[in-house]
Peer 1: 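Dropping the structure in here first, questions after.
Just so you know, these numbers use all the heavy atoms, side chains as well, and skip hydrogens, waters and symmetry mates. Owing to the predicted nature of the structure, the values given are computational and were not obtained by experimental measurement.
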2 protein chains.
Amino acid sequence: MTTTTPSAAPGHRGVGRTLRPTGKVLPEHARAHNRSLVLQHLFHQGPSSRADLARSTGLTRVTVSDLVSVLISEGLVAELGVRPEGKVGKPATLVGMRTEEYQVVAVDLADDASLRGAVMTLTGAVVARRTVSLDGRTGDEAVAVLEDLCRELLAAADRPVVGVGIGSPGVIDAAGVVVQAPNRGWYDLPLAALLAERLGVPVQVANDANTHALGEYTYGGATGAGLMVVTVGQGLGAGIVLDGALVRGRAHAAGEIGHVTVVDDRDVRAGDPEPRPCACGRAGCLETLLSLPALRRATAGRSPEESDAVLASVGRKLGVALAPVVSALNLAEVLLSGPPELLDGALRVEALATVRARTLPLLGQDLVLRMGSLDEDGALSGAAALVLSGQLGVT
Amino acid sequence: MTTTTPSAAPGHRGVGRTLRPTGKVLPEHARAHNRSLVLQHLFHQGPSSRADLARSTGLTRVTVSDLVSVLISEGLVAELGVRPEGKVGKPATLVGMRTEEYQVVAVDLADDASLRGAVMTLTGAVVARRTVSLDGRTGDEAVAVLEDLCRELLAAADRPVVGVGIGSPGVIDAAGVVVQAPNRGWYDLPLAALLAERLGVPVQVANDANTHALGEYTYGGATGAGLMVVTVGQGLGAGIVLDGALVRGRAHAAGEIGHVTVVDDRDVRAGDPEPRPCACGRAGCLETLLSLPALRRATAGRSPEESDAVLASVGRKLGVALAPVVSALNLAEVLLSGPPELLDGALRVEALATVRARTLPLLGQDLVLRMGSLDEDGALSGAAALVLSGQLGVT
DNA sequence: ATTAGTAAGGAAGGTCTACTAACAAACATG
DNA sequence: CATGTTTGTTAGTAGACCTTCCTTACTAAT
């Protein structure tokens with residue numbers, strides 16, 4: 001660094017201790033932003049005329065025409081002929097994003113035993129699938145398996161591939177470096193950069209729960225004004241979208257709600273069963289109640305009524321944990337992702353009731369707590385959304 | 001509106017249901033951003049040379065020189081002579097923000113009975129104070145009292161005033177419209193626009209707890225990567241700063257954690273006293289335990305040991321409510337604002353211990369939970385920070 | 001059939017922004 | 001004293017968007 005500046009101006013009371021992230025903005029960044037804006041509208045609104053795009057983006061027709069012509073020359077957008085509906089004036093020429101002419105490779109690493117991948121169109125339709133077993137391999141060997149899977153999927157694509165998106169458990173920073181993913185034995189592994197170099201294709205990597213949230217926002221039509229997606233799988237994760245952007249957190253660990261304590265000795269005194277030990281080394285974590293293994297164990301061999309009672313009690317714990325988050329962030333939507341037969345019943349109903357009962361009515365009343373719109377391919381859709389976001393700026 | 005676009009392209013599975021906030025970016029916006037960037041560095045790092053600014057912003061010396069010359073012509077920045085420390089090369093000309101040559105009017109509406117205001121320099125030093133009693137006036141009358149106070153403060157300023165910043169309880173949107181502030185009898189009141197027109201000066205209005213958080217970030221040197229400021233006063237509020245920006249929430253009600261339920265019948269079974277009724281119409285809200293009236297009532301006439309026990313139990317409740325938020329957002333810092341004799345002892349210690357005990361060690365271990373750096377003028381500093389942010393882009 | 005009127009899209013020219021390249025000024029050092 | 005280093009400025013260039021004006025193509029009214 002340079003030797004900078006005298007300590008402080010008079011009157012500064014300790015201002016400026018912390019590093020503030022700053023960044024210059026160049027006109028070309030504005031251009032990229034506006035380009036994404038056009039793509040965004042075409043993606044979500046479907047084919048439009050240039051004039052339509054000008055109206056909805058606020059840019060002039062000239063600028064939109066210019067941006068569109070670049071997008072057409074790149075092949076991302078195509079003219080689709082004249083709009084049929086007749087009105088006064090010159091008929092509009094529709095342009096549309098060529099969402100079926102490009103593909104994305106999406107990989108879901110949520111499962112401990114196997115890697116699931118797919119080739120998808122830009123709209124999230126699955127074109128081909130591949131699944132490979134890990135057979136206990138971890139570390140560099142697991143990376144090699146992942147790389148092979150990606151190659152296979154890239155070969156299976158029958159259209160140009162925009163990029164590879166990977167949703168993985170663990171703590172992953174914005175550059176796609178896996179800070180830690182204990183299940184895979186990955187620590188400080190620059191997975192995105194590494195695969196991008198080996199595959200020769202852009203690669204985006206992010207936490208699986210976070211990508212899931214992004215997927216619900218991009219493909220599921222969820223709001224971006226305050227969204228939390230709770231993913232129930234082997235473990236429990238969550239992703240939060242505020243103001244259209246993923247929340248990452250100080251150490252890139254935002255969304256790790258699986259290990260919030262929800263059962264302690266006070267709860268036992270109030271009538272709860274003993275807290276179960278958790279893989280994290282403590283006990284009573286939410287994940288010990290709300291995860292597929294935990295839910296299956298708790299409902300196995302029970303009558304429907306008994307199961308519902310158990311699921312409701314888990315829903316209540318979830319609601320208790322969600323209430324402060326909903327309040328602090330004034331969330332609009334909380335989505336649950338996982339098997340509907342376990343989640344979309346007493347559990348969900350009780351969770352919503354609990355959140356409503358425990359928050360300011362102003363905050364809780366309008367809250368939506370529902371199942372995610374994405375099916376079992378939600379994780380893959382999220383990984384695809386990651387590519388759309390990273391490569392095209394479309395969310 | 002126009003008649004837009006056919007419903008959707010084939011393959012769109014319900015994409016684009018919700019309105020996505022978008023906005024074009026023009027080169028002039030980039031310019032404004034870079035201008036703020038320069039001001040920001042001068043504000044926080046103190047006087048620097050143009051070359052220093054170029055290095056720390058990433059802009060070229062030419063561009064920085066250009067921006068600085070504009071700022072100088074506007075009077076916001078001044079040359080301060082040559083840097084004393086001799087090194088090789090041409091000596092640097094220091095330029096600095098003229099923080100003492102401009103003033104800000106800040107008003108704190110947190111108190112139910114009176115309005116506190118001050119004239120402050122841009123660095124947050126108080127130049128003059130005024131306080132007026134409301135005498136029970138509400139609605140338009142309260143607005144009139146506020147307007148008079150602002151006029152008085154504007155007259156008391158002996159330097160040009162950059163703007164008026166107001167921190168008020170209630171739900172307030174980004175445009176400074178008071179959606180609801182029951183204590184004042186304000187509903188859908190465009191307070192910022194109204195006062196700006198009457199006073200002829202830019203006016204910024206935001207929730208008092210949110211401004212407080214902004215103040216800790218701007219003046220207190222708190223991190224912007226994940227900050228929550230919990231303000232304990234007549235009631236309980238909070239503000240959250242993520243990625244350098246205030247979280248506003250779906251209905252502009254982010255930070256309303258005062259009415260999260262923390263005592264219910266299960267807690268009673270576990271040994272807690274009966275939940276107290278709350279002003280919100282429910283019972284057992286955090287605010288019924290953690291607010292100045294509640295804390296004073298709970299500690300009045302108690303021995304220090306008894307008081308500490310009470311405060312610790314309140315701290316525990318706070319910790320239980322904070323744990324899910326800290327986990328979900330991976331917060332870096334939680335600050336408490338209010339009387340240190342009540343907060344900065346057993347309460348804070350127990351709250352931190354509770355959060356740590358109830359969150360993933362990775363998340364809780366590095367968490368800082370401390371008193372805010374701002375003194376009793378914290379609310380005013382926050383209001384001043386609001387003006388800096390709104391008018392100059394400095395946070 | 002003709003004439004208005006309306007809307008879409010493109011071409012020309014202008015302004016703004018930041019960049020690169022080159023240079024003069026001012027100082028420390030060998 | 002010559003040399004090298006750093007600062008800040010001047011001049012020229014490329015990019016990005018804007019305003020204005022024009023042509024094209026269609027509907028609606030006469």
Side-chain angles (χ1 to χ4, degrees), chain A residues 1-5 22-38 47-73 77-96 393, chain B residues 1-5 22-38 42 47-73 77-96:
Chain A
M1 284 298 128
T2 47
T3 56
T4 17
T5 64
T22 48
K24 61 173 173 177
V25 172
L26 269 40
E28 65 207 74
H29 298 145
R31 175 76 163 184
H33 176 97
N34 291 335
R35 186 191 126 111
S36 292
L37 207 55
V38 169
S48 325
S49 73
R50 294 169 174 84
D52 289 336
L53 291 170
R55 275 186 291 269
S56 45
T57 60
L59 296 163
T60 60
R61 291 203 307 270
V62 180
T63 303
V64 168
S65 276
D66 191 39
L67 288 167
V68 166
S69 76
V70 171
L71 290 170
I72 288 178
S73 77
V77 162
E79 292 204 340
L80 301 175
V82 168
R83 167 180 295 152
E85 316 132 41
K87 288 195 317 190
V88 297
K90 174 177 172 178
T93 312
L94 290 178
V95 294
Chain B
M1 283 298 128
T2 46
T3 56
T4 18
T5 64
T22 48
K24 61 174 172 176
V25 171
L26 270 40
E28 65 206 74
H29 298 145
R31 176 75 162 184
H33 176 97
N34 290 336
R35 185 193 126 112
S36 291
L37 207 54
V38 169
L42 289 177
S48 325
S49 73
R50 294 169 174 85
D52 290 336
L53 291 170
R55 274 185 291 269
S56 43
T57 60
L59 297 163
T60 62
R61 291 202 307 273
V62 181
T63 303
V64 169
S65 274
D66 192 39
L67 288 167
V68 165
S69 75
V70 170
L71 291 170
I72 288 178
S73 76
V77 161
E79 292 204 338
L80 301 174
V82 169
R83 169 180 292 153
E85 317 132 42
K87 289 195 314 188
V88 297
K90 173 177 170 178
T93 312
L94 290 178
V95 295

Peer 1: May I have the distance from Glu28(B) (atom CD) to dT19(D) (atom P), rounded to whole angstrom?
Peer 2: 10 Å
Peer 1: Return the nearest nucleotide to the side chain of Thr63(B); candidates are dA8(C), dA25(D), dC19(C).
Peer 2: dC19(C)
Peer 1: Is the phosphate of dG8(D), meaning OP1 or OP2, less than 4.0 Å from a side-chain N or O of Arg83(B)?
Peer 2: no
Peer 1: Does His33(A) reach the main-chain N or O of Gly393(A) with its side chain, forming a donor-acceptor pair under 3.5 Å?
Peer 2: no
Peer 1: Can you find a side chain N or O atom of Thr60(A) that sits less than 4.0 Å from OP1 or OP2 on dC17(D)?
Peer 2: no
Peer 1: Is there side-chain contact between Arg31(A) and Leu26(A), with at least one heavy-atom pair below 4.5 Å?
Peer 2: no
Peer 1: Which whole-number value in Å describes the distance from Arg55(A) CZ to dT6(C) P?
Peer 2: 15 Å
Peer 1: Round to the nearest Å and state the distance from Asp66(B) atom CG to dT20(C) atom C1'.
Peer 2: 15 Å
Peer 1: For dG8(D), take OP1 and OP2 only and decide whether either is under 4.0 Å from a side-chain N or O of Thr93(B).
Peer 2: yes
Peer 1: Any side-chain N or O of Ser65(A) under 4.0 Å from OP1/OP2 of dA8(C)?
Peer 2: no
Peer 1: How long is the gap from CG on Leu37(A) to OG on Ser56(A), to the nearest 0.5 Å?
Peer 2: 8.0 Å
Peer 1: Verify the contact: side-chain N or O of Lys24(B) to OP1 or OP2 of dC18(D), cut-off strictly under 4.0 Å; return yes or no.
Peer 2: yes
Peer 1: Taking OP1 and OP2 of dA18(C), is either one under 4.0 Å from a side-chain nitrogen or oxygen of Arg35(B)?
Peer 2: no
Peer 1: Side chains of Thr63(A) and Asp66(A) only: does a donor on one sit below 3.5 Å from an acceptor on the other?
Peer 2: no
Peer 1: Starting the side chain at C-beta, find the nucleotide from dT6(D), dG10(C), dA22(C) nearest to Arg61(B).
Peer 2: dA22(C)
Peer 1: Measure from the side-chain heavy atoms of Ala92(B) and tell me the nearest of dC17(D), dA16(D), dT7(D).
Peer 2: dT7(D)
Peer 1: Is there, by distance only and without an angle test, a donor paired with an acceptor across the side chain of Arg50(A) and the base of dG9(C) below 3.5 Å?
Peer 2: no
Peer 1: Where the side chain of Ala51(A) is concerned, which of dG9(C), dC27(C), dA18(C) is the nearest nucleotide?
Peer 2: dG9(C)
Peer 1: Consider the side chain of Lys90(B), meaning its heavy atoms from C-beta on, and name the nucleotide among dC19(C), dA8(C), dA25(C) that approaches it most closely.
Peer 2: dA25(C)
Peer 1: Remember a base hit wins even if backbone is also touched, and classify Arg31(B) as base, sugar-phosphate or nothing at under 4.0 Å, heavy atoms.
Peer 2: sugar-phosphate
Peer 1: Name the residue closer to the 5' end of DNA chain C, choosing between Leu26(A) and Glu79(A) according to the nucleotide with the nearest heavy atom.
Peer 2: Glu79(A)
Peer 1: Return the value, rounded to whole Å, for the distance between atom CG of Leu67(B) and atom C1' of dG8(D).
Peer 2: 15 Å
Peer 1: On DNA chain D, check which nucleotide each of Val25(B) and Val62(B) is closest to and give me the residue with the more 5' one.
Peer 2: Val62(B)
Peer 1: Within this structure, what is the CG-to-P distance between Leu53(B) and dG8(D), rounded to whole angstrom?
Peer 2: 9 Å
Peer 1: May I ask you to say what Asn34(B) touches in the nucleic acid, namely base, sugar-phosphate or nothing, with a heavy-atom cut-off under 4.0 Å?
Peer 2: sugar-phosphate
Peer 1: Measure the distance from CG on Asp52(B) to C1' on dG8(D) and round it to the nearest whole Å.
Peer 2: 13 Å
Peer 1: Calculate the interatomic distance between His33(A) atom NE2 and dC17(D) atom C1'; express it in whole Å.
Peer 2: 14 Å
Peer 1: Using 0.5 Å steps for rounding, measure from the CZ atom of Arg35(B) to the CD atom of Glu28(B).
Peer 2: 13.0 Å
Peer 1: Report yes or no: does Lys24(B) contribute a side-chain atom to a donor-acceptor pair with the main-chain N or O of Leu59(A) at less than 3.5 Å?
Peer 2: no
